[in-house]
Amino acid sequence: MNTKNMALTSLFAALLAVSSQVSIPLGPVPITMQVMFVLLAGMILGKRLGPASVAVWVVLGIFGLPVFAQGKAGAAVLIGPTGGYILGYFVCTYIVGYVAEHFELTYKYTAAAMLAGLAIIYGIGLAGFMLSFQYVLHKAMPLERALNLAVWPFLPLDLVKAAMAVYIGVRVRRVLLKTGLVVPKQIA
């Protein structure tokens, strides 16, 4: 990894850390700005560096820096109610990054990638949420209740964040492609 890539990866890890602190408590899963920056990390950094930026952010949190939502830190966050969402961030950045690197840079493809990424975050996040309640907190969490606690309240705002990420991501990636800061796409 060259210096430019390390700087871009670190920048997005820092953006994730800062966006985690913009937090509104809403039960076991808070509202944050993380989703927008996860989507942007995949779009701007691509399928390799996007997940790397998430990994740097997670490692910082595991080692005790309060980079997770609501200033939380430590490995226990990864098995808590929000741990599945964090795992979903890795897969999301890879998928969005793959589309950014291998498909034409249009709002249509980018929107499809962002929606797929959001679905991945919610799918893995919901599974992790339910498993955390079942096996860590030893409380039953039926699917309907889990959806009401961990999906439906967040979906409208996350769709707005995804739309913002589409607009910002396409524009920024185009500039970065022109300046040579990211590798040109390889159309599938």
Side-chain angles (χ1 to χ4, degrees), residues 1-20 22 29 31-59 67 69 78 82-129 150-152 154-188:
M1 185 181 285
N2 62 32
T3 306
K4 172 194 69 166
N5 289 344
M6 285 191 288
L8 288 170
T9 301
S10 299
L11 171 65
F12 271 90
L15 288 170
L16 275 171
V18 171
S19 68
S20 301
V22 179
V29 179
I31 294 174
T32 68
M33 290 301 293
Q34 291 168 319
V35 168
M36 186 172 89
F37 288 100
V38 166
L39 293 169
L40 284 171
M43 182 67 200
I44 293 169
L45 300 180
K47 68 181 182 185
R48 188 174 60 87
L49 296 180
S53 68
V54 174
V56 169
W57 171 69
V58 169
V59 168
V67 297
L78 300 179
T82 60
Y85 293 94
I86 294 170
L87 177 60
Y89 292 167
F90 284 103
V91 181
C92 171
T93 54
Y94 180 83
I95 296 299
V96 172
Y98 183 88
V99 171
E101 291 177 6
H102 295 281
F103 289 84
E104 188 178 349
L105 184 58
T106 65
Y107 289 107
K108 179 178 126 182
Y109 285 129
T110 302
M114 299 282 184
L115 290 175
L118 200 56
I120 288 165
I121 291 170
Y122 274 108
I124 296 172
L126 183 65
F129 182 80
V151 174
W152 304 137
F154 303 93
L155 191 56
L157 186 56
D158 281 345
L159 288 171
V160 170
K161 290 182 231 175
M164 290 172 26
V166 168
Y167 179 75
I168 294 167
V170 168
R171 294 179 63 89
V172 170
R173 187 159 179 90
R174 283 179 180 163
V175 169
L176 293 176
L177 284 166
K178 283 181 185 176
T179 61
L181 287 174
V182 296
V183 178
K185 64 185 183 307
Q186 303 166 348
I187 298 178

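Index from 1, following the sequence. What you are looking at is a predicted structure, and each value in this text was computed from that prediction instead of being measured.
- Using a distance-only test at 3.5 Å, with no hydrogens or angles considered, no donor-acceptor pair links the side chain of T9 to the main chain of M6.
- If you take CD on Q34 and OG1 on T82, they are separated by 8.0 Å, rounding to the nearest 0.5 Å.
- Separating the CG atom in L49 from the CG atom in N5 is a distance of 4.5 Å, to the nearest 0.5 Å.
- Contact annotation: the side chain of V58 approaches that of F90 to within less than 4.5 Å [non-hydrogen atoms, C-beta and beyond].
- Cation-pi contact between R173 and Y107: absent, since separation from the ring centre below 6.0 Å together with deviation from the ring axis within 45° is not met.
- Here the straight-line distance linking atom CG of L118 with atom CD1 of I95 works out to 13.5 Å at 0.5 Å rounding.
- A distance of 11.0 Å separates CD1 in I121 from CG in L87, rounded to the nearest 0.5 Å.
- Put simply, the side chain of T106 gets close to the backbone of Y109: a donor and an acceptor are under 3.5 Å apart.
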Checklist line | side-chain contact (heavy atoms from CB on, under 4.5 Å) assessment of L16 paired with V38 | finding: CA-CA 7 Å; L16 275 171; V38 166; 3.5 Å; yes

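- Within the 4.5 Å cutoff, the side chain of V18 has no heavy atoms near those of the F37 side chain.
- Closest non-hydrogen pair, M43 versus L105, comes out as CE-CD1, 3.1 Å.
- Minimum interatomic distance between F154 and V29 (heavy atoms only, all atoms of both residues): CZ-O, 2.8 Å.
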Notebook entry, point to check: Are C92 and L39 close enough, and set up right, to give a side-chain contact (heavy atoms from CB on, under 4.5 Å), and what steps lead you there?
Noted result: CA-CA 7 Å; C92 171; L39 293 169; 3.5 Å; yes

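- Put simply, the side chain of T110 never gets that close to the backbone of V166: no donor and acceptor are under 3.5 Å apart.
- Formation of a donor-acceptor pair under 3.5 Å by the Y85 side chain with backbone atoms of V35 is not found in this model.
- Counting only residues at least two apart or on different chains, the salt bridge (charged side-chain N to carboxylate O under 4.0 Å, His left out) pairs with a member in residues 158-169 are D158-K161.
- I44 contributes atom CD1, which lies 10.5 Å from atom CG of L177 (distance to the nearest 0.5 angstrom).
- Between S20 and W57, the closest heavy-atom pair is OG-CZ2, 3.4 Å.
- When all heavy atoms of I120 and G88 are compared, the closest pair comes out as CG2-O, 4.0 Å.
- The shortest distance between side-chain heavy atoms of M114 and M164 does not fall below 4.5 Å.
- If you run side chain to side chain contact (heavy atoms under 4.5 Å, CB included) between V54 and each of V91, V59, T93, only T93 comes through.
- A 6.0 Å sphere centred on CZ of R171 holds no more than 12 heavy atoms belonging to other residues, nucleotides or ligands.
- Across G42 and A100, no two heavy atoms sit closer than the pair O-CB, 4.3 Å.
- Heavy atoms only, all atoms of each residue included: I124 and G84 are closest at CG2-O, 3.2 Å.
- With rounding to the nearest 0.5 angstrom, the CD1 atom of I168 is 5.5 Å from the CG atom of L40.
- The environment of Y167 atom OH is sparse: at most 12 non-hydrogen atoms of other residues, nucleotides or ligands sit within 6.0 angstrom.
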